Amino acid sequence: MSDFLTHPFKPFFDKDSKILILGSFPSVKSRQDGFYYQHPRNRFWPLLEILFDVKLDNIFKQQSFLKEKNIALWDVLASCKIKKSNDKTISYAKANDLNLIFDQAKIKSIFTTGQSAYKFFQKFHPNLKATPLPSTSPANLNFSFEKLLQSYKTLKDSLEKY
């Protein structure tokens with residue numbers, strides 16, 4: 001059974017944010033913990049740990065890292081019908097207003113994590129450009145950790161430009 005849900009937390013950013021990373025909608029675990037990519041098998045934080053040689057094993061460290069690197073995090077969707085954390089079940093999707101970030105920060109690059117995030121980003125923001133990255137979800141069996149690491153180097157390269 002799908003539940004109609006509203007995004008439970010605010011975007012993470014500040015006026016110095018230059019990179020915006022958008023997922024589709026928070027997982028059950030992330031909704032419980034109140035921050036992005038918190039499922040213990042999600043590979044988002046482990047990827048960043050290796051790419052930047054840091055330890056990001058709690059939300060405080062994750063937030064400090066994002067601020068230091070001028071990275072904003074949010075999701076494309078403000079609300080949707082979704083079964084558990086399965087993006088393939090999303091329906092009745094409504095977009096977040098990205099101007100909330102754009103009006104306050106000088107975002108230079110946008111990245112999306114996963115096919116669903118990119119698909120919804122293109123649907124709701126056809127005039128904006130984003131670089132699609134593969135999903136870090138444990139459900140994404142098409143990408144090994146090593147393959148994800150190669151893809152996410154684009155993010156690190158982009159950060160080094162700014």
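Worth saying up front: this structure is predicted, and the values here are computed from it rather than measured. Positions are given from 1 along the sequence.
Residues Leu77 and Asn96 form no side-chain contact, since every pair of their non-hydrogen atoms from C-beta on lies 4.5 Å or further apart. Considering only heavy atoms from C-beta on, Phe121 comes within 4.5 Å of Leu22 through its side chain. For the pair Phe25 and Leu5, the minimum side-chain heavy-atom distance is below 4.5 Å. Within the 4.5 Å cutoff, the side chain of Asn140 has heavy atoms near those of the Pro134 side chain. Lys129 places none of its side-chain heavy atoms less than 4.5 Å from the side chain of Ile110.
At a threshold of 4.5 Å between side-chain heavy atoms, the hydrophobic network of Ile, Leu, Val, Met, Phe, Trp and Tyr places Phe9 and Trp74 in one connected group. Put simply, Ile50 and Ile21 are part of the same group of oily side chains (I, L, V, M, F, W, Y) that touch within less than 4.5 Å, one to the next. Clustering ILVMFWY residues whenever any of their side-chain heavy atoms sit less than 4.5 angstrom apart, transitively, puts Val28 in a cluster other than the one holding Phe44.
Under the side-chain contact (heavy atoms from CB on, under 4.5 Å) rule, Ser17 has a single partner from Ile107, Leu66, Ile71, which is Ile107.
By the neighbour-count criterion of 12 heavy atoms within 6.0 Å, atom CD of Gln115 is sparsely surrounded, having that number or fewer from other residues, nucleotides or ligands. Within 6.0 Å of CG on Asp53 lie no more than 12 heavy atoms contributed by other residues, nucleotides or ligands. For Lys61, the NZ atom counts as densely surrounded, since its 6.0 Å shell holds more than 12 non-hydrogen atoms of other residues, nucleotides or ligands.
Residues satisfying the ring-ring contact (aromatic ring centres under 6.0 Å, His included) test with Phe65, not counting sequence neighbours, are Phe52.
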Would you sort out whether Thr113 and Ser135 count as a side chain to side chain donor-acceptor pair (under 3.5 Å), showing the intermediate values?
CA-CA 5 Å; Thr113 59; Ser135 172; over 6 Å; no
Please determine whether side chain to side chain contact (heavy atoms under 4.5 Å, CB included) holds for the pair Ser24 and Val76, giving the CA-CA distance in whole Å, both sets of side-chain angles, and the decisive distance to 0.1 Å.
CA-CA 5 Å; Ser24 53; Val76 176; 5.8 Å; no
For the pair Ser137 and Asn42, evaluate side chain to side chain donor-acceptor pair (under 3.5 Å) and give the outcome as yes or no after the intermediate values.
CA-CA 5 Å; Ser137 165; Asn42 190 296; 5.3 Å; no
Test side chain to side chain contact (heavy atoms under 4.5 Å, CB included) applied to Thr136 and Trp45, step by step:
CA-CA 9 Å; Thr136 57; Trp45 297 113; over 6 Å; no
For a side chain to side chain donor-acceptor pair (under 3.5 Å) check, start with the C-alpha distance between Gln38 and Gln62, then their side-chain angles and the critical distance, and finish with the verdict.
CA-CA 10 Å; Gln38 294 304 304; Gln62 293 163 0; 2.8 Å; yes
Candidate pair Lys108 and Ile19, rule side chain to side chain contact (heavy atoms under 4.5 Å, CB included), full reasoning:
CA-CA 6 Å; Lys108 309 260 189 230; Ile19 303 284; 5.6 Å; no
Check against side chain to side chain donor-acceptor pair (under 3.5 Å), Tyr92 and Ser79:
CA-CA 8 Å; Tyr92 302 97; Ser79 62; over 6 Å; no
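The heavy-atom pair separating Ala130 from Tyr118 by the smallest distance is O-CE1, 3.6 Å. Lys69 approaches Leu159 most closely through the heavy-atom pair O-CD2, 3.2 Å. For the pair Asp75 and His7, the tightest heavy-atom approach, listed with the atom from each and the gap, is OD2-NE2, 2.7 Å. Heavy-atom minimum distance, Leu133 versus Ser151: CD2-O, 3.5 Å. Tyr162 and Ser109 make their closest contact through OH-OG, 2.8 Å (heavy atoms, listed as atom of the first residue, atom of the second, distance). When all heavy atoms of Leu98 and His125 are compared, the pair lying nearest together is CD1-NE2, 3.5 Å.
Judged by distance alone, with hydrogens and angles left aside, the side-chain atoms of Lys156 form a donor-acceptor pair with the main-chain N or O of Leu51 at under 3.5 Å. Checking side-chain atoms of Asn58 against main-chain N and O of Phe60 turns up a donor-acceptor pair under 3.5 Å. Remark: the backbone N or O of Pro26 is paired with a side-chain donor or acceptor of Arg31 at under 3.5 angstrom. Gln104 contributes a side-chain N or O that, together with a main-chain N or O of Leu100, makes up a donor-acceptor pair within less than 3.5 Å. Using modelled atom types, one side-chain atom of Glu49 and one backbone atom of Leu56 make a donor-acceptor pair closer than 3.5 Å.
Going from atom NZ of Lys83 over to atom OG1 of Thr89 covers 7.5 Å, rounded to the nearest 0.5 Å. Taken from OG1 in Thr131 to CZ in Phe111, the straight-line distance is 4.5 Å, to the nearest 0.5 Å. Rounded to the nearest 0.5 Å, atoms CD1 (Ile90) and CD1 (Ile82) are 4.0 Å apart.
Not less than 6.0 angstrom separates the ring centroid of Tyr37 from the ring centroid of His39. Taking the six-membered ring where the residue is Trp, the centroids of Phe12 and Tyr36 are separated by 6.0 Å or more.
Under the 6.0 Å distance and 45° angle rule, Lys147 counts as a cation-pi partner of Phe143.
Note on Asp157 versus Lys161: no salt bridge recorded, every NZ/NE/NH1/NH2 to OD/OE distance being 4.0 Å or above.
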